[in-house]
*Asks:* 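Provided herewith is a single structure, encoded as structure tokens, for subsequent inquiry.
For ligands, and for the atoms within them, numbers begin at 1 and follow the listed sequence. Basis for what follows: all heavy atoms, side chains included, without hydrogens, waters or symmetry-related copies. Bear in mind that the values here come from a model prediction, so they are computed numbers and not experimental data.
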Amino acid sequence: MAAAKHSQISTICSLLLLCATLPLMAAAAAQQRKPSVAVEGVVYCLSCKYAGSGSLIDATPIQSANVSVSCANSGVYQINQTDVHGYFYSWLDGPKLGRGGLGNPIQACTVKLVSSPLEACNVPTDLNHGNDGAKLRFEGKVVKSPHYAVFYAAGPLAFRPQMCAN
Ligand SMILES: *[C@@H]1O[C@H](CO)[C@@H](O)[C@H](O)[C@H]1NC(C)=O
Ligand SMILES: *[C@@H]1O[C@H](CO)[C@@H](O)[C@H](O)[C@H]1NC(C)=O
């Protein structure tokens, strides 16, 4: 009798446990299916020859340039650096993103030039709105590895030389 009662109780307990964990498992699965969001772009130094026109002809990538990525309403503001190819990317999801997340990154986020390490090429230009905030574009880039992520592009952005010899 006592054994039967015990097993009844443990059945109820495990059912309750199942009911309690199912939503958690579903939430975890949804979390996994939700892609990370990244922004990428390239920062150049405009060639003196074409700097006036804002053309990227003969422009050279800038390594260790800093760009900021900010997203309205989600508190995202981060500074990321370009690599040797002038390429930067920025993961936008962090623990500080609340339940609301980013919203639509295309509407919420912009990228700005912050600094260039090159004394000879450190004047930010507004090419593609590098000064007042470049909008993001979705170009169909979705990667599966190292984890599921959707990439948005901004720019290309550019600094220009302060002085150009003629
Ligand atoms: C970009 O900057 C943020 C904040 O400084 C940092 O957490 C992150 O690791 C950097 N790199 C990328 C690729 O997001
Ligand atoms: C870019 O940002 C990094 C990290 O915040 C900083 O150490 C570095 O001095 C910055 N570079 C320039 C050129 O401002």
Side-chain angles (χ1 to χ4, degrees), residues 24 27-165:
L24 290 179
Q31 192 73 31
Q32 264 171 2
R33 265 182 279 115
K34 196 169 168 268
S36 297
V37 175
V39 175
E40 65 181 353
V42 179
V43 177
Y44 291 96
C45 172
L46 297 184
S47 137
C48 266
K49 208 162 152 193
Y50 300 101
S53 67
S55 162
L56 285 166
I57 298 170
D58 290 348
T60 49
I62 301 181
Q63 181 176 8
S64 302
N66 284 341
V67 300
S68 69
V69 183
S70 55
C71 304
N73 306 326
S74 55
V76 169
Y77 178 85
Q78 57 188 49
I79 294 189
N80 289 99
Q81 266 184 311
T82 56
D83 68 9
V84 64
H85 304 292
Y87 171 80
F88 69 87
Y89 72 100
S90 217
W91 292 114
L92 297 187
D93 348 45
K96 60 182 190 285
L97 277 188
R99 276 180 64 104
L102 284 173
N104 179 351
I106 290 179
Q107 280 158 12
C109 307
T110 55
V111 180
K112 288 185 188 179
L113 293 168
V114 174
S115 59
S116 159
L118 305 178
E119 227 171 285
C121 196
N122 61 7
V123 181
T125 75
D126 205 32
L127 180 71
N128 294 316
H129 300 282
N131 261 335
D132 41 69
K135 293 270 182 206
L136 311 188
R137 325 178 279 281
F138 179 61
E139 297 176 332
K141 182 169 172 182
V142 177
V143 304
K144 291 281 189 278
S145 128
H147 51 265
Y148 179 29
V150 176
F151 275 75
Y152 293 87
L157 308 177
F159 290 89
R160 66 171 174 79
Q162 179 96 56
M163 312 272 279
C164 286

*Asks:* Could you tell me the residue and atom name of the protein heavy atom closest to atom 12 (C) of ligand 2, and the distance to it rounded to 0.1 Å?
*Replies:* Ser115 OG, 3.1 Å

*Asks:* Are there over 12 heavy-atom neighbours, none belonging to Phe151, within less than 6.0 Å of that residue's CZ?
*Replies:* yes

*Asks:* Does Cys121 offer a backbone N or O that forms a donor-acceptor pair with the side chain of Ser116 under 3.5 Å?
*Replies:* yes

*Asks:* Under 4.0 Å from any heavy atom of Ile79, which atoms of ligand 1 are there?
*Replies:*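 The list of qualifying atoms is 1 (C), 2 (O), 5 (O).
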
*Asks:* Among all the protein's heavy atoms, is there at least one whose distance to atom 1 (C) of ligand 2 comes out below 4.0 Å?
*Replies:*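 Within 4.0 Å: yes, protein heavy atom nearby.
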
*Asks:* Got a salt bridge between Glu139 and Lys141, using NZ or NE/NH1/NH2 to carboxylate O under 4.0 Å?
*Replies:*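 No.
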
*Asks:* With a 4.0 Å cut-off, strictly under, does atom 14 (O) of ligand 2 pick up any protein heavy atom?
*Replies:*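 Neighbour list for atom 14 (O) of ligand 2 includes protein heavy atoms (cut-off 4.0 Å).
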
*Asks:* Would you indicate whether Asn73, at its atom CG, is surrounded by more than 12 heavy atoms from other residues, nucleotides or ligands within a distance under 6.0 Å?
*Replies:*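 It does not: Asn73 CG has 12 such atoms or fewer within range.
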
*Asks:* Heavy atoms of the protein only: does one fall short of 4.0 Å from atom 9 (O) of ligand 2?
*Replies:* no

*Asks:* Distance under 4.0 Å to a non-hydrogen atom of Trp91: what atoms of ligand 1 satisfy this?
*Replies:*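 Listed by number with element, the hits are 12 (C), 13 (C), 14 (O).
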
*Asks:* Show which atoms of ligand 1 fall inside a sub-4.0 Å distance from at least one heavy-atom site of Asn80.
*Replies:*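 By the 4.0 Å cutoff, the relevant atoms are 1 (C), 2 (O), 3 (C), 8 (C), 10 (C), 11 (N), 12 (C), 14 (O).
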
*Asks:* Quick check on contacts: which atoms of ligand 2 are under 4.0 angstrom from a heavy atom of Asn66?
*Replies:*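 Once the distances to Asn66 are compared, the set is 1 (C), 2 (O), 3 (C), 8 (C), 10 (C), 11 (N), 12 (C), 14 (O).
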
*Asks:* For the backbone of Ser115 and the side chain of Asn66, can you confirm whether one donor and one acceptor N or O come within less than 3.5 Å of each other?
*Replies:*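 No, because the side chain of Asn66 does not come within donor-acceptor range (under 3.5 Å) of the backbone of Ser115.
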
*Asks:* As a quick check of understanding, evaluate side-chain contact (heavy atoms from CB on, under 4.5 Å) for Val37 and Tyr152, giving each step before the final call.
*Replies:* CA-CA 8 Å; Val37 175; Tyr152 293 87; 3.8 Å; yes

